[in-house]
Structure formats: C-alpha cells, structure tokens
Asks: 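After the structure tokens below, expect a handful of questions from me.
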Amino acid sequence: VWLSRVDGHAGWANSAALRQVKRDLHGDWQPDGGRIERRDGAPTGIFIDLAMGLVEGAMPATDEATATRALELGMRRAVQHGLTGVHDAGVGLSELRRYMRLADAGRMPLRVNAWADGDSDALQWLCDNGLYRHVGGRLQMRVVKVFADGALGSRGAALLADYSDDPGNRGLMLNTPAQLLAIARKAKGCGVQVATHAIGDAGNRNVIDAYEQALGAEGLRSDHRWRIEHTQVIALEDIPRLARNGFIASMQPTHATSDMPWAEARLGPSRALGAYAWRHLRDAGVRLAFGSDFPVESVDPRLGLYAAVTRSDLEGRPAGGWMPQEKVTLFEALRGFTLDAAWAGFSEREVGSLQVGKRADFVVLDVDPHGLPALELPALPIRATHVDGKAVYTRAD
C-alpha cells in the first residue's frame, strides 16, 4: 500500500511496500531534496518530497490504455465544471505524445497548455524542435515546470527561519539555487517560459534570485512572463521585486481556505502576513493568474471565486474571512481566472475574454455571479461549456 498526501509532497508506505524498495532504508542517511521519517533508525513509512521516489520507483507503470482513459475522464470532468482550458503542470514527453494522439483524434474537449516536467526529455525536445502547438489549437507546450521547494502542510516548504511549530526545521529545497539557475538559463536559451513551484519564503526568494540572474538586465525588460507557481508565503520585502521584474504570481485561492486552520501555526503571526497575500501582491503591481491546483484542490473554479472574495470556508467561517485584508473583488477574481490566466500562458489574443476575433470559449451560467451573495457562488449553476463555439458540455435538465 502506498498512499500519497493530497498535495503530492508526502506519502506513506506499509511494510509490504517498504520491502519492495531496493535500498536499505535504515540508518540516518537522507536523499537530496527529501526526507525519510525514522524512529530509532527504522523507517516509519513516511516519505517527504523527493524521498517518495524510493517507493514510487518500485511501483509498476500505468498501462497506456488506463493512462489515456484517465486523461479523457479528467478532461470531461473539467468541462462539466465550466473549464474551457487548463495548464497541466509537469508533463513528460510520453505524456505529451499521449495528448498529441488525443488531439489528432479530435478527443480533446478543452485546451491544454502542457508544461515540460523539469529538466527532462520534454524540455530537451522543446529545445531541439522549438515550442510546440498542435494544428487544431487545443494543445501546446511552451513552458517548463520546475520545483523549488516542498509543501507547507508536510513542512517541506523552504523557510527563511524555522517552522514555528517545528523548531530546527526550515523545510526542503528540491532544487538547489544553482540548479534553479541552470534550468532557468537553459530554458531562456531555448525560448521556453519558466514556471517554478515555490511555497515558502526562502523558496520564493531563491526563485526570484535565479530568475533575475538568468534573465539579466536585458532579459528582464523582455516579454518573458516567467511565473512563480503558488507564491504562497513570501517575505514582504520581496514583493516589490516581483513587480519590478514582471514576474507573474500564479496563485490558487482555495489554498488559503484549505490551509487556514493550521497555516499560522506553521508560520507564526508576523510571517503569515506574507501568506496567500493576493491584495498585497496586486496592489504592488504584480500580475495575478488564478487557478485551482487540481487534483490537490477541487477542479471546480467556482470554489476559487468564492475563496478569493471571502477567505472563508463553505459555512462562512471565520466571519469576515481569514486575514480579510487580502481579499480581492469578484471582478478581480474573475479576471484572474480568465484574461490574466490567458495572458500568463501567452494566449490572451485567442482566449480569456469574449471579443471579436478570439476563439469562442465560454461558459453559460443561469445567473449573473455579480448579482449573487458570495455564499451562493460555490453553487453557481453551470448550464453549458463551449470551446471553439461548440458545446462540449450541456447540463441535462
């Protein structure tokens, strides 16, 4: 049995699974970018971040038919929730070719902006062949997804100071600053956009440093649109650097409402001021691109809209929202999920707003969300989803 944490940054293996691992897990050694939890030198079965690969490497591969069906089911579920396109963060070359076969067969109901999974075969393929775009317009790859650190929930996010609830622990860097810089420089040389996962304030600072060094003074003035995925906990003094350099804060509003019961315990009250700081970032001039981070969170964008404007759970708690000074308006939230997200993917001339000359990608709602009380946004009725002017989902009344 192997159970992974919802965010993919930790997992638990039972004793039968541990016996399948080829390496002796006892002792005090640790893999780079990961941690094996032990008690008296023996593994407990809990693996953090890159240590998970020790168990996952012993698992049988998913067969092609199952993987293809999973993709199709996922895309179907997305359009049922009103999504006309997604950014798939971390796609290997074999997965890209699976998408290509579906696109060739006309079996992609929505647009997929696939991102190469780090310094891998997919990134090298982009460097060798150029940015990819399928002739049908529903599939492209022009981005590389990189990981800086781990996750806050598993205490793997890299922090500048110790975790408030775990003294001595500052989290994990999954790529060192030197590795981040090397990948960024390679991507720049190939004309590939960079999107880096960064949760902790140290992780975010290391990404900003790497981006600045890789782009250089001339590159920083270019239309690079390099992104930081999550920008979840950032030192307040680093926010102006994002704005000055034109780096995109790609954020997921439901992370705040999922994490609020324990986030302040991890960070302490002063450091929490830079956590999920949408208003701070937007008011500083940082471009926000909103998303969901599914399957870590729900695929449903209505929950993201609700979280963005309320910072409360589905029962409206806490009253007025958690750290309510960071709320955004519904208009700002809708723009973050539409036009600003399209801009972050170099797609704003095609999608993101309803304008003459753009592709007719839109969702039909029963009511105007601007006229609803915020508590009703999660149940906003979706009547249909259209891509290229054709219905890819219609509600059965």
Asks: Classify the side-chain pair D7/H9 by whether it contains a donor and acceptor separated by less than 3.5 Å.
Replies: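 There is no such pair between these side chains.
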Asks: Rest of the hydrophobic cluster containing L354 (Ile/Leu/Val/Met/Phe/Trp/Tyr, side-chain heavy atoms under 4.5 Å)?
Replies: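 Same cluster as L354: F362, V364.
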Asks: Is it true that the side chains of T257 and Y306 contain a donor and an acceptor less than 3.5 Å apart?
Replies: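 No - no donor-acceptor pair under 3.5 Å links their side chains.
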Asks: For the residue pair A122 and G92, what are the closest heavy atoms and their distance?
Replies: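 Minimum heavy-atom separation between A122 and G92: CB-C, 4.1 Å.
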Asks: Side-chain heavy atoms under 4.5 Å apart, restricted to Ile/Leu/Val/Met/Phe/Trp/Tyr: what other residues fall into the cluster of F331, or is it alone?
Replies: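 Listed partners: none, F331 stands alone.
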Asks: Give a yes-or-no answer on whether the side chains of Q213 and D209 include a donor-acceptor pair shorter than 3.5 Å.
Replies: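 There is no such pair (donor and acceptor under 3.5 Å, judged by atom type) between the side chains of Q213 and D209.
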Asks: Hey, is R395 close enough to D397 for a salt bridge, meaning N to O under 4.0 Å?
Replies: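 Salt bridge between R395 and D397, a charged N being under 4.0 Å from a carboxylate O: yes.
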Asks: Give a yes or no on whether a salt bridge exists between E350 and R133, defined as a side-chain N under 4.0 angstrom from a carboxylate O.
Replies: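 Salt bridge present between E350 and R133.
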Asks: Among all residues two or more places apart in sequence or in another chain, which pass the side chain to side chain donor-acceptor pair (under 3.5 Å) test with R225?
Replies: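 Once residues adjacent in sequence are excluded, the partners of R225 under the side chain to side chain donor-acceptor pair (under 3.5 Å) criterion are D223, E348.
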Asks: Taking 4.0 angstrom as the limit, do K186 and D119 come out as a salt bridge?
Replies: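 Yes, this pair counts.
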Asks: Is a side-chain donor-acceptor pair under 3.5 Å present for Q232 with Y276?
Replies: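 Result is yes, a qualifying pair exists.
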Asks: Return yes if some donor-acceptor pair links the side-chain N/O of D238 with the main-chain N/O of I234 below 3.5 Å, else return no.
Replies: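 No; judged by distance alone, with no hydrogens or angles, the pair does not exist.
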Asks: Salt bridge check, R98 against E72: does any charged N sit closer than 4.0 Å to a carboxylate O?
Replies: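 No, no charged N to carboxylate O under 4.0 Å.
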Asks: Can you tell me how far the CG atom of L3 sits from the CD1 atom of I46, to the nearest 0.5 Å?
Replies: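 Here the rounded value is 11.0 Å.
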Asks: Can you tell if the side chain of Y132 reaches within under 4.5 Å of the side chain of L139, non-hydrogen atoms only?
Replies: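 Counting from C-beta outward, Y132 and L139 do come under 4.5 Å.
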Asks: Can you find a heavy atom in the side chain of R287 that is under 4.5 Å from one in the side chain of L281?
Replies: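 Not touching, per the 4.5 Å side-chain cut-off.
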Asks: Hydrogens and angles aside, do E332 and T329 bring a side-chain donor and acceptor to less than 3.5 Å of each other?
Replies: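 Yes.
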Asks: Could you tell me whether the side chains of Q193 and K188 share a donor-acceptor contact shorter than 3.5 Å?
Replies: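 No, no side-chain donor-acceptor pair sits under 3.5 Å.
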Asks: Work out which heavy atom in P369 is nearest to a heavy atom in L365; give both atom names and the distance.
Replies: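 For P369 and L365, the tightest heavy-atom pair comes out as CD-CD1, 3.9 Å.
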Asks: Throw together a table of side-chain donor-acceptor distances under 3.5 angstrom for residues 244-256, partners on residues two or more places apart or in other chains.
Replies:
from	atom 1	to	atom 2	distance (Å)
N245	ND2	E212	OE2	2.7
N245	ND2	R241	O	2.9
S250	OG	R227	NH2	3.1
S250	OG	E229	OE1	2.7
Q252	OE1	H230	ND1	2.6
Q252	NE2	S250	O	3.4
H255	ND1	E297	OE2	3.1
H255	NE2	D293	OD2	3.1

Asks: Which residue pairs pass the salt bridge (Lys or Arg N to Asp or Glu O under 4.0 Å) test with at least one member in residues 166-176, sequence neighbours excluded?
Replies: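 Residue pairs passing salt bridge (Lys or Arg N to Asp or Glu O under 4.0 Å), neighbours aside: D162-R170.
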Asks: Can you see whether T310 engages K327 through a side-chain donor-acceptor pair at a distance of less than 3.5 angstrom?
Replies: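 The answer is no; no qualifying pair exists.
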Asks: Strictly by modelled atom types, are E326 and H280 linked by a side-chain donor-acceptor pair under 3.5 Å?
Replies: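 Short answer, yes.
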Asks: Which atom pairs, one a donor and one an acceptor, fall under 3.5 Å between side chains of residues 10-19 and the rest of the protein, sequence neighbours left out?
Replies:
from	atom 1	to	atom 2	distance (Å)
N14	OD1	V1	N	3.0
N14	OD1	A16	N	3.4
N14	OD1	A17	N	3.0

Asks: Just so I know, are the side chains of R155 and R266 near enough to count as touching, which here means a heavy-atom distance under 4.5 Å?
Replies: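 In contact.
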